[in-house]
Amino acid sequence: MTLTLHSSTSFINLNDTKSIKTPDDFSGTVCFTQIKLSCRLRAKHAIQEVQLSHDNNFMMKSRSDKWEKLHAISGPHSSNVAKVPVFVMLPLDTMTLGGNLNKPRAMNASLMALKSAGVEGVMVDAWWGLVEKDAPLKYKWEGYAELVQMVQKHGLKLQVVMSFHQCGGNVGDSCSIPLPPWVLEEISKNPDLVYTDRSGRRNPEYISLGCDSIPVLRGRTPIQVYTDYMRSFQNRFKDYLGETIVEIQVGMGPCGELRYPAYPESNGTWRFPGIGEFQCYDKYMKASLEAAAEAIGKRDWGRGGPHDAGHYNQFPEETGFFQRGGTWNTDYGQFFLEWYSGKLLDHGDRILAAAKGIFQGSGAKLSGKVAGIHWHYRTRSHAAELTAGYYNTRHHDGYLPVARMFSKQGVVFNFTCMEMRDQEQPESANCSPEGLVRQVKMVTRTAGIELAGENALERYDAGAYAQVLATSRSESGNQLAAFTYLRMNKKLFERSNWRHLVEFVKSMSEQGQNKRLAECDSRGTDLYVGFIKDKNVKRTKEAALA
């Protein structure tokens with residue numbers, strides 16, 4: 001039979017799961033995007049790969065013990081230096097706007113494909129804007145419960161992101177999920193609840209950390225709201241924590257990252273490689289800055305952020321603050337940057353402390369994500385990192401304080417841009433993703449915490465995978481404890497892209513060695529959806545990518 005792939009959705013879409021048969025029913029040539037393989041599929045080989053259940057669900061039967069031994073982990077991350085488990089992010093729209101699992105049959109087939117590739121598990125966003133959508137303290141977890149059970153059935157692990165930010169307006173955002181309507185109603189009445197830049201532009205991605213401890217959300221503080229949300233999740237899924245749900249990644253800002261929304265792409269506000277802008281002009285942040293300045297007898301320093309920090313799309317040398325020898329390196333600049341980055345650290349500490357109190361002892365690890373802001377890294381001021389809240393300059397390490405805070409709360413440090421190489425970046429932007437990753441590897445080792453990684457942008461090429469493999473090793477600083485690939489979509493299941501993923505997963509599980517599959521490798525996954533047949537119509541059936 002022939003498998004023909006279409007690219008309309010983010011999953012493998014099976015037209016009729018009732019038609020699924022075991023490999024005993026037939027053998028034939030399988031095509032991917034209409035390209036025939038040279039291998040003939042024989043039942044005696046295929047039956048060792050996959051046994052499909054007859055209750056309309058895919059189940060991995062034979063060889064499961066071998067896969068489990070190869071890909072099993074202790075807790076969510078392995079301490080075995082010879083293995084780096086690979087997870088795959090699920091689509092942003094894994095849940096419908098009504099809170100139900102999107103395309104469950106296609107998801108089922110996609111999970112089976114990932115399992116057959118040796119992937120450890122998957123990651124999903126638990127959107128605040130979907131779960132607590134209807135009213136405060138009214139949570140809807142049904143769609144996530146269905147997903148958890150499906151993941152468990154396939155013998156996969158699950159990382160769940162407590163996503164307290166909106167989806168939409170940033171790199172890779174393919175759908176729109178705003179904050180809960182009742183929260184947006186409060187924001188409409190008090191616009192200072194969200195981050196604000198110097199020109200007064202409001203950003204609705206995430207609640208300003210300036211009001212963390214103020215009861216601005218119908219009698220509750222934002223930290224209390226996040227805590228109640230996480231406690232509800234823990235109560236609903238306590239039987240799966242530590243077994244199927246192995247990691248809780250705690251969202252702490254836009255895109256789930258511990259940072260300020262300094263480079264918003266929505267409406268063309270920011271474009272790479274602009275320096276971004278400081279986000280400290282809502283009334284709560286302004287009051288905090290004023291108090292900090294008065295506390296050291298410098299009242300004038302508390303009248304607002306730097307006046308010479310430029311605009312979103314400028315370069316460092318075009319501003320008085322970020323240029324070589326600029327205001328950033330004066331007493332005032334150091335005061336402001338310590339306050340600005342310190343507020344971010346305190347925000348992360350409060351949320352992670354709440355998460356620790358809820359999930360400690362559950363068997364699931366906690367993680368937090370830090371953005372890989374690599375542009376202007378080779379300048380003295382590191383302007384783009386400063387506006388995002390990381391006080392990292394040529395003279396000041398901005399990531400060690402974050403790592404130590406994570407260590408205090410027992411949290412895994414998750415970092416992006418693991419796939420990037422310096423030579424791929426525009427020279428004018430003074431980028432160094434490799435230098436940034438090296439710095440983070442060193443500070444996490446110094447802090448004694450695990451480092452996990454992600455790719456920042458969608459990549460399917462062998463070069464990106466090779467860079468992650470190189471980064472995963474521990475010759476310099478911390479090695480990777482786990483890697484989460486961004487993300488499952490239609491392109492991933494195209495034949496060449498799928499093959500690259502399979503080889504990457506295999507390499508990460510075998511001491512970082514670059515493994516290539518033979519053209520006729522029956523163990524590994526070119527046959528990623530099993531065999532599909534419609535007994536009432538014909539012996540061949542299409543499988544479409546979601």
_Determine whether a donor-acceptor pair (N or O, by modelled atom type, separation under 3.5 Å) exists between the side chain of Tyr229 and the backbone of Met162._
no
*Check step by step if side chain to side chain contact (heavy atoms under 4.5 Å, CB included) holds for Glu132 and Asp228.*
CA-CA 10 Å; Glu132 199 177 358; Asp228 291 339; over 6 Å; no
_Suppose we call two aromatic rings close when their centres sit under 6.0 Å apart. Are Phe415 and Phe483 close by that rule?_
no
_Residues forming a side-chain contact (heavy atoms from CB on, under 4.5 Å) with Thr484, sequence neighbours excluded_ = Phe87, Met89, Met123, Gln159, Glu454
*Between His165 and Trp128, does the ring centroid distance fall short of 6.0 Å?*
no
*4.5 Å side-chain heavy-atom contact, Val412 and Ile449*: no
*With the threshold set at 4.0 Å, does a side-chain nitrogen-carboxylate oxygen contact exist between Asp346 and Lys343?*
no
_His376 side chain vs Pro273 backbone, donor-acceptor pair below 3.5 Å_ = yes
*asked:* Checking the side chain of Ser507 only, and the main-chain atoms of Glu503 only, is there a donor and an acceptor separated by less than 3.5 Å?
replied: yes
*Indicate yes or no for a side-chain donor-acceptor contact from Asn497 to the backbone of Lys491 under 3.5 Å, with no hydrogens or angles considered.*
yes
*asked:* Are the side chains of Pro222 and Cys211 in contact, using a 4.5 Å heavy-atom criterion?
replied: yes
*Out of Val250, Val411, Leu366, which residue meets the side-chain contact (heavy atoms from CB on, under 4.5 Å) rule with Lys356?*
Leu366
*Go through the steps to decide whether Glu510 and Lys506 satisfy the test salt bridge (Lys or Arg N to Asp or Glu O under 4.0 Å), and finish with yes or no.*
CA-CA 6 Å; Glu510 298 181 13; Lys506 191 174 179 67; 3.7 Å; yes
*Is Pro204 close to Tyr195 at the side-chain level, that is, under 4.5 Å between some pair of heavy atoms?*
no
*Taking the side chain as every heavy atom from C-beta outward, state whether Leu480 and Met418 have any atom pair closer than 4.5 Å.*
yes
*Are side-chain heavy atoms of Leu241 and Ile248 found at a separation under 4.5 Å?*
yes
*Is the gap between the ring centers of Phe322 and His382 under 6.0 Å?*
no
*asked:* List the residues meeting side-chain contact (heavy atoms from CB on, under 4.5 Å) with Glu338, not counting sequence neighbours, and say none if there are none.
replied: Tyr391
*asked:* Regarding Glu257 and Asn414, do their side chains bring together a donor and an acceptor under 3.5 Å, going by distance alone?
replied: no
*Polar contact flag, side-chain donor to acceptor under 3.5 angstrom, Asn489-Tyr460*: yes
*Take Tyr377 and Cys431 through the test side chain to side chain contact (heavy atoms under 4.5 Å, CB included) and record every step on the way to the result.*
CA-CA 5 Å; Tyr377 183 86; Cys431 301; over 6 Å; no
_Is it true that, when you exclude His396 itself, more than 12 heavy atoms of the residues, nucleotides or ligands shown sit nearer than 6.0 Å to its NE2?_
yes
*Go through the steps for Tyr260 and Asn203 under the test side chain to side chain donor-acceptor pair (under 3.5 Å), then give the verdict.*
CA-CA 10 Å; Tyr260 294 99; Asn203 190 316; over 6 Å; no
_Could you check whether Tyr263 and Tyr312 have their ring centres less than 6.0 Å apart?_
no
*asked:* Applying side-chain hydrogen bond (donor to acceptor under 3.5 Å, both in side chains) as the test, list every pair that has at least one member in residues 176-186; sequence neighbours left out.
replied: Glu185-Arg218, Glu186-Lys189, Glu186-Arg218
_Using a strict threshold of under 4.0 Å (side-chain N to carboxylate O), is an ion pair present between Arg299 and Glu294?_
yes
*Answer yes if the side chains of Asn392 and Glu385 hold a donor-acceptor pair under 3.5 Å, and no otherwise.*
yes
_Checking the side chain of Ser407 only, and the main-chain atoms of Ala447 only, is there a donor and an acceptor separated by less than 3.5 Å?_
yes
*asked:* Is the distance from the ring center of Phe164 to that of Tyr206 below 6.0 Å?
replied: no
*Lys83/Glu120 under salt bridge (Lys or Arg N to Asp or Glu O under 4.0 Å): CA gap, chis, key distance, verdict*: CA-CA 11 Å; Lys83 169 181 166 48; Glu120 190 76 31; 3.4 Å; yes
*Under the side-chain hydrogen bond (donor to acceptor under 3.5 Å, both in side chains) rule, collect the residues that match up with Arg404, sequence neighbours excluded.*
none
*asked:* With side chain to side chain donor-acceptor pair (under 3.5 Å) as the criterion, how do Asp308 and Thr327 come out once you've worked through the C-alpha distance, each side chain's angles and the decisive distance to 0.1 Å?
replied: CA-CA 8 Å; Asp308 56 351; Thr327 315; 2.6 Å; yes
*Is a side-chain N or O of Gln166 found less than 3.5 angstrom from the main chain of Gly168, in a donor-acceptor match?*
yes
_Other residues, nucleotides, ligands: >12 heavy atoms within 6.0 Å of Asn267 CG_ = no
*asked:* Is there a side chain to side chain contact (heavy atoms under 4.5 Å, CB included) between Lys441 and Arg473? Walk through the geometry before answering.
replied: CA-CA 10 Å; Lys441 290 178 72 174; Arg473 304 185 186 108; 5.6 Å; no
*Between Trp301 and Phe336, is the gap from one ring center to the other below 6.0 Å?*
no
*Sequence neighbours left out, what passes side-chain contact (heavy atoms from CB on, under 4.5 Å) with His395? Give chain and number order.*
Trp328, Asn329, Arg380, Thr393
*Minimum side-chain heavy-atom gap His311-Glu277 below 4.5 Å*: yes
*Does the side chain of Asp349 reach to within under 4.5 Å of the side chain of Lys408, using non-hydrogen atoms?*
yes
*Compute the ring centroids of Tyr485 and Tyr465, then answer whether they are less than 6.0 Å apart.*
yes
_If only side-chain N and O atoms count, and only distance matters, is there a donor-acceptor pair under 3.5 Å linking Ser208 with Asp282?_
yes
*Heavy atoms only: give me the nearest Ala262-Thr387 pair and the separation to one decimal.*
CB-O, 3.3 Å
*asked:* If you compare all heavy atoms of Ala293 against all heavy atoms of Gly302, which two are closest, and at what distance to 0.1 Å?
replied: CB-N, 3.4 Å
*Any chance you could lay out the side chain to side chain contact (heavy atoms under 4.5 Å, CB included) test for Met95 and Tyr144, step after step, and finish with the verdict?*
CA-CA 8 Å; Met95 298 296 153; Tyr144 290 98; 3.5 Å; yes
*Exam field: side chain Arg220 to backbone Pro215, donor-acceptor pair closer than 3.5 Å*: no
*Has the side chain of Gln425 got a donor or acceptor atom that lies under 3.5 Å from a matching backbone atom of Ser432?*
no
*Set of residues satisfying side-chain contact (heavy atoms from CB on, under 4.5 Å) with respect to Ser213, sequence neighbours excluded*: Arg350
_If the threshold is 4.0 Å, N to carboxylate O, is there a salt bridge linking Arg445 and Glu450?_
no
*Flag, side chain of Gln224 to backbone of Thr221, donor-acceptor distance under 3.5 Å*: yes
*Quick one: are Ile358 and Phe233 in side-chain contact, heavy atoms under 4.5 Å?*
no
_Salt-bridge criterion met for Arg459 and Glu424 (N-O under 4.0 Å)_ = yes
*Can Arg202 and Thr196 be counted as having a side-chain donor-acceptor contact under 3.5 angstrom?*
yes
*Okay, side chain of Trp498, backbone of Val502: is any donor-acceptor separation there less than 3.5 Å?*
no
